[in-house]
4 protein chains.
Amino acid sequence: MKSPEHVASAVSDPKLVGERRGAILDAAVRLFAEHGYYVTTIQQIAKASGVSIGLIYQYFGDKEDILFLSLKRVLDRYETEIPARLEGVSHPVDRLCTAVWAYCSIVDELRQVAVLTYRSTRSLRADRRSLIQQAELRTNRLLERCVRDCIDGGHMRELDEFMLVYQLVMFCHAWALKNWALRERFDLARYVSGGVALLVEPFLTARGRAAVAALRKRTGDFSDMGAREAQR
Amino acid sequence: MKSPEHVASAVSDPKLVGERRGAILDAAVRLFAEHGYYVTTIQQIAKASGVSIGLIYQYFGDKEDILFLSLKRVLDRYETEIPARLEGVSHPVDRLCTAVWAYCSIVDELRQVAVLTYRSTRSLRADRRSLIQQAELRTNRLLERCVRDCIDGGHMRELDEFMLVYQLVMFCHAWALKNWALRERFDLARYVSGGVALLVEPFLTARGRAAVAALRKRTGDFSDMGAREAQR
Amino acid sequence: MKSPEHVASAVSDPKLVGERRGAILDAAVRLFAEHGYYVTTIQQIAKASGVSIGLIYQYFGDKEDILFLSLKRVLDRYETEIPARLEGVSHPVDRLCTAVWAYCSIVDELRQVAVLTYRSTRSLRADRRSLIQQAELRTNRLLERCVRDCIDGGHMRELDEFMLVYQLVMFCHAWALKNWALRERFDLARYVSGGVALLVEPFLTARGRAAVAALRKRTGDFSDMGAREAQR
Amino acid sequence: MKSPEHVASAVSDPKLVGERRGAILDAAVRLFAEHGYYVTTIQQIAKASGVSIGLIYQYFGDKEDILFLSLKRVLDRYETEIPARLEGVSHPVDRLCTAVWAYCSIVDELRQVAVLTYRSTRSLRADRRSLIQQAELRTNRLLERCVRDCIDGGHMRELDEFMLVYQLVMFCHAWALKNWALRERFDLARYVSGGVALLVEPFLTARGRAAVAALRKRTGDFSDMGAREAQR
DNA sequence: AATGAATGAGTGTTCATTCAT
DNA sequence: TATGAATGAACACTCATTCAT
């Protein structure tokens, strides 16, 4: 009867639902990310979001609903923000690198929450876990499109774009998952630059490499992406 | 006062401690992997391991101790089994590929437990989490050694072996973490083969590629690793 | 200070009070009867009666008020409807039988609500419980009057009319309380007929029996009461 | 899988289960009878029975289990004690009257609990409610046997024994249900005596009445049952 | 007069941990 | 050494009631 993505609310005014849910989720995500899903109590979420315990249950059916929407929000950010960052970028290789950069910088911003995705997705009911997984696949498909365009444009040699993309995604997630190890050695820009060197450049054709060289002349080294980002 | 790796036991006979802990951990790991750490109860572990609740507290100080040793055991398997599988393999490129293959096949065997590592490491006290991380780094160093040997032998071009290795490790872990997506497209052998094509071959020198070609003649394609494994 | 039968209302217009209370009680009685008093929530009553939660508290002081008036309403129906059905019936034995029949048919109509009386009267404050009990006694007295008239008219032998009447009342209530068992064996008409045979006829004098025989000739068998009822 | 009469216990020793359940039920029944099922809390039951909250859940699956066994125990007493009291009583009419007397005196002893049966049976799951109802029918059948023996022995005229017995049962229950009204007018012995006069004697044949008269000569008036009971 | 969002004390239930045997 | 009955703090969740609008 109820679809898995549906989260019941006793309150009808959609604007109010949006606002309150937002505030509660903000607090919940912070607490989940810091202490974990099971250790965080509804009491804590109520206190942190400045509402009563009862009110939480007017906007969410149960604790799992809160986790679900918390995770959904992260996945949604990937799905909407990566395309947004690609707007105006036209060269296929540039688009691919920009997508990786965007993904990594979102992960960087949401570091603990990105980890939460790995810690807590299995705490969801199967049908909702599946929804989260589908959202991940949709984001992957954004990157697959970039890879395919590189290949079709003759900038990259033919390869299994599904596998390359999943490797790129793991690379982005690793910035959160293994940050404890990586931050000793890289800052974000250098990490992304290293990833591009490892997972993009080796597969570029002569034409692709030429294009990159031309781009670099115009825009500075990819390893300087942090600076480009800072200029936005 | 107590070192983080120390797990208290009220029982003195070390042989008994080893046996009992083994049995309890077997059950605990299975349950943690299937249902998660917080959802699994001590009473379930007691029943599944065929001992009394009280006895568990004779061999472990608290529930976290059980989690710690559960995770430790997984990391230890990586650390001991990968070198074991490398024994008798001498060519650097072969060693690297064999190491990746070994890592992936252990992950495959422990699929749910490997995921547990990601879900539950943060449920440990900081000092113990750090111990787990160090164990991961030690395993990484095994692979770094392989990469270094490839480079030093002129089979692979100079590159940041730390980064390459972490990417290889993420590749292995992904077989567990993203198995829900990957198993639709690959079996283990084809997955490993694809990973080698993506993360090893592009960095081989002409000499390295020649060596691989020679190896293939003698041992069959890398994509046939499943068969090689089966012969063991 | 407040008399027990008083139920506070913030609304002054008495017509409005009557209407609103009626609608709310209709819903409440239905819900109480089906699910029980404690299990039914004010929010359910609000939804079922199509008013807001706040409005309920304008017409009732608290949840117990609603229960009190719900039960009161049932008792009031007995008290007003039984006399109404006796109107125009003149022969004492006929009056007694008609009263029993009327009582049973009201119980039949309110089956679940009649049970509610037994389930929930003890959830009222003592002073209100007592009010409900007095209402029951008043209804009993209606029947006692019928019995007394039979005795005084020489249709029934002298006996303890209080005890007989309470047994008759239990007989009527049993149709609701034990309906799960009785409905397998009787329909309402046959049940009433059986009750009269058991609790009225044995106490009739020869004169009383003659009167019944005469009545039957005119009106059909008492076991045909259902049909008589249907003609109303 | 689980039959409705089964109540789970985490404790295996059956003697201990019996003892503890007994103690907990004693407290629970007292509290349920006094305050009602929903108003009574597990905390109160724990305190009243001198055990911890947790222990209650080692012996009962949930609160409903406690209610079920509480009610079951009352029904079981009827079912075992009435036959016990009939032992050694041989004359059919005497047996019937003794059964009624026994039923009423158990109800008298358990007055509040007998009421609980009416208040709270509907709070049980349907399958368990049905179990309680079946137990009631089994007790009814004990009385039906007595009535049948009276009829077969020529002491009572032919009649619907199911209906007579249910009326007798309601009479016994009424002593608890309507005690607030009845105790003003009768003591238990006089009440039972009145019940026999109302629901037994009118149906006796001349032979039955003769037998009763003979019995009375030997044992004293039925209205003196209280005294007979006191002599036990 | 009417709304329904907001409150939080109070509920049934769980489960890591203890300890008498 | 081994048991498992016993504990009780802590949790998720409910719902009668209030009150700003």
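Order of the sequence lines sets the chain letters (A, B, ...), proteins ahead of strands, with each chain counted from 1.
dT21(F) atom P lies 15 Å from atom CG of D13(A), rounded to whole Å. If you take NE2 of H35(D) and P of dT11(E), they are 13 Å apart, rounded to a whole angstrom. Residue K63(B) contributes atom NZ, which lies 12 Å from atom C1' of dT17(E) at whole-angstrom precision. Computed from coordinates, the D65(A) CG to dA12(F) P distance equals 14 Å when rounded to whole Å. When rounded to the nearest whole Å, the span between CD of E64(C) and P of dC15(F) equals 19 Å. Atom CZ of R21(C) and atom C1' of dA1(E) are 15 Å apart (whole Å). Spacing between atom CD1 of I45(B) and atom P of dG4(F) amounts to 17 Å, rounded to whole angstrom units.
dT14(F) and dA9(E) make up a base pair, with Watson-Crick or G-U wobble contacts both under 3.5 Å. Of the nucleotides present, dC15(E) is the one that pairs with dG8(F) by Watson-Crick or G-U wobble criteria, both distances under 3.5 Å. When Watson-Crick and G-U wobble pairs are counted only if both distances are under 3.5 Å, dA20(F) pairs with dT3(E).
T40(D) comes within 4.0 angstrom of the backbone, heavy atoms only, and of no base. Here A10(C) lies in heavy-atom contact (under 4.0 Å) with sugar-phosphate atoms only.
With hydrogens and angles left out, the side chain of Q43(A) and the base of dA12(F) share no donor-acceptor pair within 3.5 Å.
For the atom pair CD1 of I66(B) and CG of L71(B), the computed distance is 12.0 Å after rounding to the nearest 0.5 Å.
Here dA16(F) is the nucleotide among dT7(F), dA16(F), dT3(F) with the atom lying nearest to any side-chain atom of I42(C). Set against dG12(E), dC13(F), dA5(F), the side chain of T41(D) has dG12(E) as its closest nucleotide.
I132(C) and K72(C) get closest at one heavy-atom pair: CD1-N, 3.8 Å.
At a non-hydrogen distance threshold of 4.0 Å, S52(A), G54(A), L55(A), Q58(A), Y59(A) from residues 52-62 of chain A come into contact with DNA chain E.
Using a 30° and 60° split on the angle between ring planes, Y37(B) and F32(B) fall in the perpendicular class, above 60°.
A residue-by-residue look at R20(A) and S12(C) shows that S12(C) has its nearest nucleotide of DNA chain E further toward the 5' end. Heavy-atom distances to DNA chain F give each of Y37(C) and V51(D) a nearest nucleotide, and the one nearer the 5′ end belongs to V51(D). Of the two residues contacting DNA chain F, namely Y38(A) and L16(D), the nearest-nucleotide position lying further toward the 5' end is that of L16(D).
Using a 4.0 Å cut-off between a side-chain N of Lys or Arg and a carboxylate O of Asp or Glu, K15(B) and D13(B) do not qualify as a salt bridge. The pair R128(C)-D65(C) meets the salt-bridge criterion, with a side-chain N (NZ, NE, NH1 or NH2) lying under 4.0 Å from an Asp/Glu carboxylate O.
Figure legend: cation-pi geometry between K63(B) and Y57(B) absent, as NZ or CZ is not positioned both under 6.0 Å from the six-membered ring centre and within 45° of its axis. In this structure, R21(B) is positioned above the aromatic face of F60(B), its NZ or CZ under 6.0 Å from the six-membered ring centre and within 45° of the axis.
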Please lay out, stage by stage, how R122(D) and V115(C) fare under the test side-chain contact (heavy atoms from CB on, under 4.5 Å).
CA-CA 10 Å; R122(D) 299 236 174 169; V115(C) 175; 3.8 Å; yes
